[in-house]
Amino acid sequence: MQLVLLAGELGEKYGQKHEYYNLQTPADAIKLLCINYPALKNELMQAHQNGVGYKVIQGGAAMNYDELQLPFGSKPLLVVPVIMGSGGDRDGFLPILFGVGLVAASFLLPGAGLFGASAFGAFGGPIAAAGTLTTVGTALSAVGASLVLSGVSSLLSPQLELPKANRIRGEGSNVRGPGPEGITRGASGNQSYAFTGPANTAGTGTTLPVIYGRVTAGSHLIAANLDVTDNSDPLQTATQAPSLSTLKINGEPLTNELKDCGGIKSKRGVREFRSSDTNRDERVFIGKTFGPGRPQSLDEESEYDSNANSGGWNALKFKNSSGKRKRIDVIFKISKGLHDFVAGNGSTKIDGFITYQITLSNTTGGPDIDVASARITVQGLTNANQDVIFGNRLEAPRIEKRSGEDLDIKVEIIEVGVRQATTFELMAYGYDLL
């Protein structure tokens, strides 16, 4: 007697224990289960669409597709459904198999009958040569199955290939900051793309994880009330004392020292740039302001693209000849205060924030290539007369056969929570400006 065990939902639907005799391989077990339970076969074929894979384990060892043709062995065979993440199996020891691959391995591999003697007989083959045809059919079945399984993997997990003429060496910046944080989400809060903290807010379209077992789930404060009895208490006018020291990048304090702030190196206290500072080999003055009365309003979906807006005439030169040219600094200026109000002008001041995305692209000498990207949130509480200039540092990789072409910049406004008068200026970008 040979024992096959189905775990989890498979066991609940189709029975946990299945006893068979004279099984030659684990693939035979999968095949018999699919024949006995057609609904199981359909579920295996469609499971990957729901992010479900399977581990096939015997004697404590997980199997790959080709190992399903090994002798069955004396230990029970265990089939376990598992949730597949974007990075596959993080353990690196237990392979996760696609259900459609299990069906293909069970029905198409040698001995499954796809190219056996009966199939050849249907085409008028001589019965006397059945043994020879079976041997040929087994070989063809093995080749066909290998093609099917490799095709299944490539279709389910396609890999993007860059053109060989523009091969990127190394990796550029690819940063996605956590978003604003505060006590008044509605105006601010933590944009979470998984359950990574006490606030489990998720934006529209976000993929939410499915949790099994016990978890500790956070919550979100919908409303807050401040009851101030002392008229001299500064909390009547602001939730904290307005100051440049309240400024943060991706939740980390923004200081006069260049340091990592939530995945992006940043600092404040940078000098102001003017149009006379343009030198395309070193730096380019942009001077485009988002705000009231400006061509770009400080609202969601507003953007500035140097390639589209200027025709590339003021784009930074992208060169591979020097290591220092991999560090590209982008300089911004916030004027007329960074703060918001709880309930309109005159109410308590709260942290203001601007979430924006920087994209650096190589746009000449070949197809456009995005070489670096960063989504960043600047947050803080400053007064209307406290302007601040700060910068973010991105790193661009080396691109083979691309040198001396334009490195364009695009800045997109993702989300905003500031007073109406606040302006946000993209001042300049260049090499080693911080």
Side-chain angles (χ1 to χ4, degrees), residues 2-20 26-27 29-34 36-65 67-68 73 75-106 149 152-159 176 178-179 181 185 189-222:
Q2 295 155 319
L3 188 62
V4 181
L5 304 177
L6 300 182
E9 289 190 1
L10 291 183
E12 294 176 3
K13 293 179 180 178
Y14 310 107
Q16 295 180 347
K17 294 183 180 181
H18 300 267
E19 297 178 358
Y20 294 110
I30 302 295
K31 182 179 179 181
L32 281 176
L33 284 169
C34 291
N36 292 333
Y37 303 97
L40 171 60
K41 180 180 177 181
N42 294 333
E43 181 170 337
L44 293 176
M45 295 288 288
Q46 300 174 9
H48 63 276
Q49 299 176 2
N50 300 318
V52 177
Y54 300 91
K55 292 184 180 180
V56 181
I57 303 171
Q58 190 171 43
M63 297 180 175
N64 287 308
Y65 295 112
E67 294 172 326
L68 296 176
K75 301 291 184 180
L77 184 72
L78 178 62
V79 181
V80 184
V82 294
I83 300 298
M84 297 186 298
S86 60
D89 177 48
R90 299 187 181 277
D91 299 333
F93 298 104
L94 297 179
I96 297 178
L97 308 182
F98 292 107
V100 64
L102 289 177
V103 174
S106 301
L149 293 180
V152 166
S153 298
S154 62
L155 287 174
L156 296 178
S157 304
Q159 298 297 319
R176 191 181 186 93
E181 56 183 20
R185 186 50 172 166
N190 187 27
Q191 297 174 339
S192 174
Y193 291 86
F195 296 107
T196 56
N200 52 21
T201 300
T204 302
T206 299
T207 299
L208 295 178
V210 177
I211 299 177
Y212 291 89
R214 291 186 176 183
V215 298
T216 301
S219 59
H220 220 308
L221 188 62
I222 297 176

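Please read these numbers as outputs of a predicted model, since none were measured by experiment.
Here the closest non-hydrogen pair linking L5 and P76 is CD1-CB, 4.2 Å. Scanning all heavy atoms of the two residues, the minimum distance from L102 to Y65 falls at N-CE2, 3.9 Å. V103 and C34 get closest at one heavy-atom pair: CG2-SG, 4.5 Å. Nearest approach of L77 to M63, heavy atoms of both residues: CD1-CE, 4.2 Å. Closest non-hydrogen pair, A27 versus A105, comes out as CB-O, 4.0 Å. Taking every heavy atom of both residues into account, P81 and A7 meet most closely at CD-O, 3.3 Å.
For the atom pair CG (L3) and NE2 (H18), the distance works out to 9.0 Å, reported to the nearest 0.5 Å. Note that OH of Y54 and CG of L10 are 5.0 Å apart. Values are rounded to the nearest 0.5 Å.
Residues passing the side-chain hydrogen bond (donor to acceptor under 3.5 Å, both in side chains) test with N50: none are found, sequence neighbours excluded. Not counting sequence neighbours, Q2 has no partner by the side-chain hydrogen bond (donor to acceptor under 3.5 Å, both in side chains) test. Judged as a side-chain contact (heavy atoms from CB on, under 4.5 Å), and not counting sequence neighbours, Q16 has no contacts.
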Let me have the donor-acceptor pairs involving side chains of residues 37-44, under 3.5 Å, with sequence neighbours excluded, atom names and distances please.
residue : atom : partner : partner atom : Å
E43     : OE1  : K13     : NZ           : 3.4
E43     : OE1  : Y14     : OH           : 2.8

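Side-chain atoms of L32 and V4, non-hydrogen and from C-beta on, never get closer than 4.5 Å to each other.
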Residues Q58, L78; criterion side-chain contact (heavy atoms from CB on, under 4.5 Å); working and verdict: CA-CA 6 Å; Q58 190 171 43; L78 178 62; over 6 Å; no

